[in-house]
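Worksheet for the structure shown next.
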Amino acid sequence: MHSQGKILPQQFYELDDVVAVSRRLLGKVLCTNIRGQTSAGVITETEAYCGRNDKACHANDGLRTARTETMYGPGGRAYVYLCYGIHHLFNVVTNREGLADAVLIRSVRPVEGHSLMLERRSRDALTPVVSNGPGKLTQALGITTGDDGVNLLGERIWIEDRGHSVAAADIIASPRIGVDYAGNHALRPWRFYLKDTPWVSQQ
DNA sequence: CCTACGATCTGCT
DNA sequence: GCAGATCGTAGGG
């Protein structure tokens, strides 16, 4: 409940450059408080999705539906959707209202609530498989589609700066995963992850 | 209404 | 390495 760092302010999310926000989220700490129990992980892998001219984005070229509505809201909210009928994927909405940009969080390294995360993942050892994938980390942190639209400056899900500095040289860029349907846009190097960490999704 | 498929993960071979 | 899980969403008739 009590944050151990500085909660990221609204301005962090309002930036008109989703790729920059995607990079800056590395090293920040994603926290949840579900039914009074806190768990958290350092963000180690992200992907940027832009609402304009990005065929990999759900809201590409202004596609506005019930599902994508959250992405059109102001930055600083959660966009959570169901993938393959099973996995709940968590995104951070960025930019101002009307511009549907978002950052998919793909991996975290657990730093708080270890036993709770292990229990949610039905594991007994704290290894990367606990949270090195977009569907795995939401399960570990207790995030579901019921959290779609939640304000990240609230008390259920938030992101903190706990002073983990990340140098540009420690960030690796690569094409995004699982978006082959996006054609030429799938080649854009909009996936970012921390160098030398095992807490990164497998390809 | 109907159909195809997905920003994935797991277990089995 | 590969198939199955599992259901909401988007698009077409």
Side-chain angles (χ1 to χ4, degrees), chain A residues 13 18-23 25-26 30 41 43-73 75 77-95 99-110 117-150 152 157 159 172-194 198-203:
Chain A
Y13 302 106
V18 68
V19 173
V21 178
S22 191
R23 286 174 157 276
L25 279 169
L26 292 173
L30 175 59
I43 297 171
T44 51
E45 179 183 1
T46 63
E47 279 179 358
Y49 288 86
C50 183
R52 280 89 49 217
N53 190 34
D54 178 12
K55 292 183 230 170
C57 182
H58 290 161
N60 183 40
D61 289 339
L63 179 63
R64 196 155 184 160
T65 64
R67 179 176 69 157
T68 64
E69 195 57 30
T70 308
M71 294 180 76
Y72 286 89
R77 294 185 186 177
Y79 166 50
V80 188
Y81 73 96
L82 189 64
C83 185
Y84 290 97
I86 307 172
H87 308 292
H88 303 257
L89 270 53
F90 172 80
N91 298 254
V92 174
V93 176
T94 69
N95 216 325
L99 296 179
D101 297 346
V103 175
L104 171 68
I105 306 302
R106 292 190 57 90
S107 295
V108 303
R109 173 172 57 81
M117 296 175 81
L118 289 176
E119 186 182 334
R120 290 187 181 124
R121 291 279 296 138
S122 302
R123 307 278 156 170
D124 54 15
L126 193 60
T127 60
V129 74
V130 170
S131 56
N132 68 343
K136 299 175 193 176
L137 75 90
T138 54
Q139 186 179 28
L141 292 171
I143 297 171
T144 71
T145 52
D147 297 308
D148 183 51
V150 161
L152 298 179
I157 307 176
I159 303 178
I172 297 177
S174 85
R176 292 168 292 183
I177 305 297
V179 295
D180 292 345
Y181 58 84
N184 52 325
H185 293 174
L187 300 175
R188 290 174 174 169
W190 285 3
R191 169 183 179 234
F192 303 98
Y193 60 96
L194 292 178
W199 303 93
V200 173
S201 63
Q202 313 296 299
Q203 277 201 42

Exercise for the section: Just call it for A/Arg188: base, sugar-phosphate, or nothing, with non-hydrogen atoms closer than 4.0 Å on any strand. Expected result: nothing
Handout entry: N/O donor-acceptor pair, side chain A/His58 with base B/dA7, under 3.5 angstrom
Key = yes
Practice task
Please report, rounded to the nearest Å, how far the C1' atom of B/dT8 is from the CD atom of A/Gln202.
Solution key: 13 Å
Problem - Interatomic distance where CG belongs to A/Leu104 and C1' belongs to B/dG6 [whole Å] - result: 13 Å
Exercise for the section: Just call it for A/Leu89: base, sugar-phosphate, or nothing, with non-hydrogen atoms closer than 4.0 Å on any strand. Expected result: sugar-phosphate
Exercise for the section: Scan A/Thr65 against the nucleic acid and name what it touches under 4.0 Å (heavy atoms): base, sugar-phosphate only, or nothing. Expected result: sugar-phosphate
Practice task
Check whether any side-chain nitrogen or oxygen of A/Arg106 sits under 4.0 Å from OP1 or OP2 of B/dT8, and answer yes or no.
Solution key: yes
Handout entry: Rounded distance (Å) that lies between atom C1' of C/dA5 and atom CD of A/Gln139
Key = 14 Å
Problem - A/His88 NE2 - C/dC7 C1' separation (whole Å) - result: 10 Å
Exercise for the section: Would you mind classifying the nucleic acid contact of A/Arg67 as base, sugar-phosphate or nothing, using non-hydrogen atoms under 4.0 angstrom? Expected result: sugar-phosphate
Handout entry: Residue pair A/Gln139 / A/Arg121, side-chain donor-acceptor N/O under 3.5 Å
Key = yes
Exercise for the section: For the side chain of A/Lys136, starting at C-beta, report the closest nucleotide among B/dC9, C/dC7, B/dA7. Expected result: B/dC9
Handout entry: Closest nucleotide among B/dG11, B/dA7, C/dT6 to the A/Ile86 side chain
Key = C/dT6
Exercise for the section: Measure the shortest side-chain to side-chain distance between A/Leu26 and A/Thr46 over non-hydrogen atoms and say whether it is less than 4.5 angstrom. Expected result: yes
Exercise for the section: Round to a whole Å and report the spacing from CE of A/Met71 to P of C/dT9. Expected result: 14 Å
Practice task
Describe the nucleic acid contact of A/Arg121 in one word from base, sugar-phosphate, nothing, applying a heavy-atom distance below 4.0 Å.
Solution key: sugar-phosphate
Practice task
Answer yes or no: is there a side-chain heavy-atom contact under 4.5 Å between A/His185 and A/Trp190?
Solution key: no
Handout entry: Pair partner, B/dA7 [Watson-Crick or wobble, under 3.5 Å]
Key = none
Problem - Per-pair stack call A/Tyr49 and B/dA7, 5.5 Å, 30° - result: yes
Practice task
Select one nucleotide: of C/dA5, C/dA10, B/dG11, the one nearest the side-chain heavy atoms of A/Arg123.
Solution key: B/dG11
Problem - Length of the line joining A/Leu82:CG and B/dG6:C1', which is rounded to integer Å - result: 10 Å
Practice task
Please determine if A/Asp148 and A/Arg77 form a salt bridge, counting it only when a charged side-chain N lies under 4.0 Å from a carboxylate O.
Solution key: no
Exercise for the section: Not counting sequence neighbours, which residues clear side chain to side chain contact (heavy atoms under 4.5 Å, CB included) with A/Arg23? List them please. Expected result: A/Ile171, A/Phe192
Exercise for the section: State whether A/Tyr181 places a side-chain N or O below 4.0 Å from either non-bridging phosphate oxygen (OP1 or OP2) of B/dA7. Expected result: yes
